[in-house]
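As the structure lists them, so they are numbered: ligands from 1, and atoms in each ligand from 1. A quick note: this is a predicted structure, and the numbers were derived from the prediction, not measured. In what follows, residues are counted from 1 in the order of the sequence shown.
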Amino acid sequence: MMKRVYLDYSATTPLRPEAARAMAHYLDDEFGNPSSVHSYGRDARLAVEEARRQTLAALGAGDGRLVYTGSGSEADCLAVIGFARRHPGGCVIRSSIEHKAVIESTKVLASGGYDVRVAPVKADGTVDLERLVGLLPDDGRPTLVSVMWANNETGVIQPLKALAELCRDRGATFHSDAVQALGKIPLEVDAVGVDLVAFSAHKLGGPKGVGALYVSGAVELEPIVYGGGQESGLRSGTENVAGIVGFAAAVAASISELEPETERLSALRDRLSVGLHKTLPGIVVNGGDALQRLPNVLNISVPNIDLEGVLTALDLEGICVSSGSACSTGSVEPSHVIAAMGREGELASNAIRLSLGWGTRAEDIEYALEVFPKVVQRVREFSGH
Ligand SMILES: Cc1ncc(COP(=O)(O)O)c(C=O)c1O
């Protein structure tokens with residue numbers, strides 16, 4: 001069988017064995033609906049509440065709620081749209097590098113006349129705090145600020161503490177999408193002082209189709225999914241019991257290994273970066289200082305290449321990476337994240353994201369280092385670059 005090296009952990013991850021083991025029981029014997037009053041239901045309810053309690057503790061969350069959703073996207077939408085519906089006439093400020101879940105939610109709000117503002121980022125990919133301050137309304141209207149904890153394309157970590165302080169001082173509610181950050185860097189939600197935080201299980205070795213929104217004590221939201229009133233009325237729908245249990249197991253496993261994994265993955269990422277710089281002169285790392293980025297992400301722009309050609313050739317060699325740009329029907333659009341950092345032309349459109357995770361081994365990185373430059377050279381020769 002062809003050798004395959006998966007370097008796309010920011011897209012999704014393989015299920016961790018701890019999560020699979022924890023889930024098996026709830027996919028098989030304990031299949032109850034947590035809302036049922038009989039023993040099957042009660043056992044399922046216990047499992048969900050224990051998973052919630054464990055996960056809140058792992059997040060350093062005290063008095064808040066954890067609302068389980070069907071995805072990280074839904075958690076973001078609940079935060080943004082749920083806030084706006086609760087606060088008609090308010091304002092939402094988001095950064096220019098948010099995930100589509102936040103961007104598209106704010107577009108829906110703006111099309112309905114809601115006041116939506118966009119805060120730019122600096123060249124290093126961190127939000128421009130001064131410009132953000134200038135966008136805050138000064139008439140006391142309810143305001144939501146949405147800035148992600150770490151970016152999904154570049155791995156750039158945002159100044160969360162400063163943002164939380166700013167929001168607290170100015171009476172704004174602070175939402176952060178921590179889908180990529182959870183399990184990669186310490187997240188103490190109460191200590192940082194963030195009001196709403198979105199998560200997704202499948203980015204850290206949990207199952208796909210489970211997300212959660214942390215909602216701190218004081219924050220009020222309207223639901224966006226209506227029905228039986230599960231999840232304290234904030235997200236109707238029968239809970240994904242096995243998924244929630246698997247999510248909790250993945251969080252526990254990732255957090256227990258956080259320190260050694262940070263060291264291991266950042267060393268592998270740096271080896272990848274140094275090796276690629278040697279064999280591919282002219283490449284540029286997107287996202288400033290390595291310490292300001294997640295330990296598992298390397299985003300590079302490669303000059304003089306046909307990006308789709310390189311991605312296809314890498315795939316044929318078994319190397320699975322992601323373009324940092326949105327490919328749509330034959331044309332490659334520069335990524336909104338890379339473009340927002342001021343990159344132009346080729347550097348904006350030829351971004352490639354390599355992302356590592358719990359299953360990545362040193363030999364995977366060596367294989368990528370061996371194959372990557374050969375592929376780039378071959379595609380360059382073929383396309384006349
Ligand atoms: C930063 C960020 N937010 C939200 C999401 C959406 O998560 P999900 O795939 O669970 O909808 C992703 C996934 O790509 C992400 O990277």
TODO: Check whether the side chains of Asp63 and Ser216 place a donor and an acceptor atom closer than 3.5 Å, and report yes or no.
DONE: no
Task: Contacting atoms of ligand 1, where contact means under 4.0 angstrom from a heavy atom of Ser71 - done: 10 (O), 11 (O)
Task: Nearest-neighbour protein heavy atom for atom 9 (O) of ligand 1, which is reported as residue plus atom name and distance - done: His202 NE2, 2.9 Å
Task: Where ligand 1 meets Met148 - atom numbers and elements under 4.0 angstrom, heavy-atom basis - done: 1 (C)
- [ ] Please write down residue, atom name and distance for the protein heavy atom closest to atom 15 (C) of ligand 1.
- [x] His99 CD2, 3.3 Å
Open item on the list: Taking distance alone, with N or O pairs closer than 3.5 Å, would you say Gly72 contacts ligand 1?
Closed with: yes
Task: Taking atom 3 (N) of ligand 1 as the reference point, the nearest protein heavy atom with its distance - done: Asp177 OD2, 2.6 Å
Task: Under-4.0 Å heavy-atom contact with ligand 1, by part of Lys208 that carries it - done: neither
Task: Donor on one side chain, acceptor on other, Glu98 and Ser95, under 3.5 Å - done: yes
Task: Proximity of Asp76 to ligand 1 by residue part, where a heavy atom lies under 4.0 Å - done: side chain
- [ ] Give the C-alpha distance, both sets of side-chain angles, the deciding distance and a yes or no for side-chain hydrogen bond (donor to acceptor under 3.5 Å, both in side chains) between Thr12 and Lys203.
- [x] CA-CA 5 Å; Thr12 194; Lys203 307 288 185 177; over 6 Å; no
TODO: Begin from the C-alpha positions of Ser301 and Asn286 and carry the test side-chain hydrogen bond (donor to acceptor under 3.5 Å, both in side chains) through to its verdict.
DONE: CA-CA 7 Å; Ser301 289; Asn286 294 310; 2.9 Å; yes
Open item on the list: Measuring from non-hydrogen atoms of Glu98 to any atom of ligand 1, is the shortest distance under 4.0 Å?
Closed with: no
- [ ] Might you point out which heavy atoms bring Ser10 and Ser355 nearest each other, and give the distance in Å?
- [x] N-OG, 2.9 Å
Task: Aromatic ring pairing His38/Tyr40, orientation class (parallel under 30°, perpendicular over 60°, tilted between) - done: perpendicular
TODO: Please report the shortest heavy-atom distance between Arg117 and Asp115, naming the atom on each side.
DONE: NH2-OD2, 2.8 Å
Task: atom 14 (O) of ligand 1 [closest protein heavy-atom partner, distance rounded to 0.1 Å] - done: Lys203 NZ, 2.7 Å
Open item on the list: Quick test: of every protein heavy atom, which one is nearest to atom 6 (C) of ligand 1, and how far off is it to 0.1 Å?
Closed with: Ser73 OG, 3.3 Å
Open item on the list: Suppose we measure from atom 16 (O) of ligand 1 to each protein heavy atom; which comes out shortest, and what is that distance?
Closed with: Gln180 NE2, 2.7 Å
- [ ] Evaluate the criterion side-chain hydrogen bond (donor to acceptor under 3.5 Å, both in side chains) for residue pair Thr69 and Arg235; output intermediate values, then yes/no.
- [x] CA-CA 7 Å; Thr69 62; Arg235 203 280 188 173; 5.9 Å; no
